[in-house]
Amino acid sequence: KAGVTQTPRYLIKTRGQQVTLSCSPISGHRSVSWYQQTPGQGLQFLFEYFSETQRNKGNFPGRFSGRQFSNSRSEMNVSTLELGDSALYLCASSPGTAYNEQFFGPGTRLTVL
Amino acid sequence: QQQVKQSPQSLIVQKGGISIINCAYENTAFDYFPWYQQFPGKGPALLIAIRPDVSEKKEGRFTISFNKSAKQFSLHIMDSQPGDSATYFCAAVMGGGGNKLTFGTGTQLKVEL
């Protein structure tokens, strides 16, 4: 089984721009979650989508949004980028029921200049 | 607000020794506690997980000890090997649906020869 794939792997943007990150979950998985990882704040939950519906949301501003498609692929969008948005953005997929293992992708490294 | 506290921040252990990482949580609604291992350039990977109805779980060289009354849990790595050198994160998931992981701050483990 192929693992979780994230594209692009690296991205450089400037302040004020917007960015879209993509995540393809493991085949058959219906839940996709997004996390932001930074040296200062560690791993922080952004949101989770299950069967195209947002099931959980973290404490991030509205500039961070996401969606999930009928094939379970997910995209995350960040608008009006700020320097502090520079981070590794990780996507995790799971079957979606309780206590299932979440499988993480390699992440997208976003640098905001 | 840090809901899962993790210590130590870094740890150096000799090959063959025991590595111990501790975590504490505040919210009693958490009912699933996984540990993740992350190597540089990779996403976190599930190592071992426990639910509060058991006090200990062992998988190979890795053991989780769980103290529900103290709201603490710990990871023990027996016979630590250089290949175990990585960053370890404890996490907690709230019961009631959803896969939102609340992570600890991480422990950088280095196993020396």
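All chains are named by letter (A, B, ...) in the order of the sequence lines, taking the proteins before the strands, and each is independently numbered beginning at 1. Just so you know, these numbers use all the heavy atoms, side chains as well, and skip hydrogens, waters and symmetry mates.
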Bottom line for A:Leu90: the part with an atom under 4.5 Å from chain B's heavy atoms is side chain
If you measure from the Lys or Arg side-chain nitrogens to the Asp or Glu carboxylate oxygens, is any gap between B:Lys57 and B:Glu59 under 4.0 Å? yes
In terms of heavy-atom pairs under 4.5 Å with chain A, the winner among B:Gly43, B:Pro44, B:Gly41 is B:Pro44
Apart from A:Tyr10 itself, members of its ILVMFWY cluster (side-chain separation under 4.5 Å) are none
Discussion item. Would you say CD of A:Gln17 has more than 12 non-hydrogen atoms from neighbouring residues, nucleotides or ligands within 6.0 angstrom?
Written reply: yes
Contacts of B:Asn27 meeting side-chain hydrogen bond (donor to acceptor under 3.5 Å, both in side chains) (sequence neighbours excluded), chain-then-number -> none
Honestly, the part of A:Arg9 sitting under 4.5 Å from a heavy atom of chain B is side chain
Honestly, the part of A:Gln37 sitting under 4.5 Å from a heavy atom of chain B is side chain
Whatever's closer than 4.5 Å to a heavy atom in chain B on A:Tyr35 counts as side chain
Applying a strict 4.5 Å limit to non-hydrogen atoms, the region of B:Pro34 in contact with chain A is neither
Query raised in the report: Between B:Tyr25 and B:Phe30, how do the two ring planes meet: parallel, tilted or perpendicular, split at 30° and 60°?
Result: perpendicular
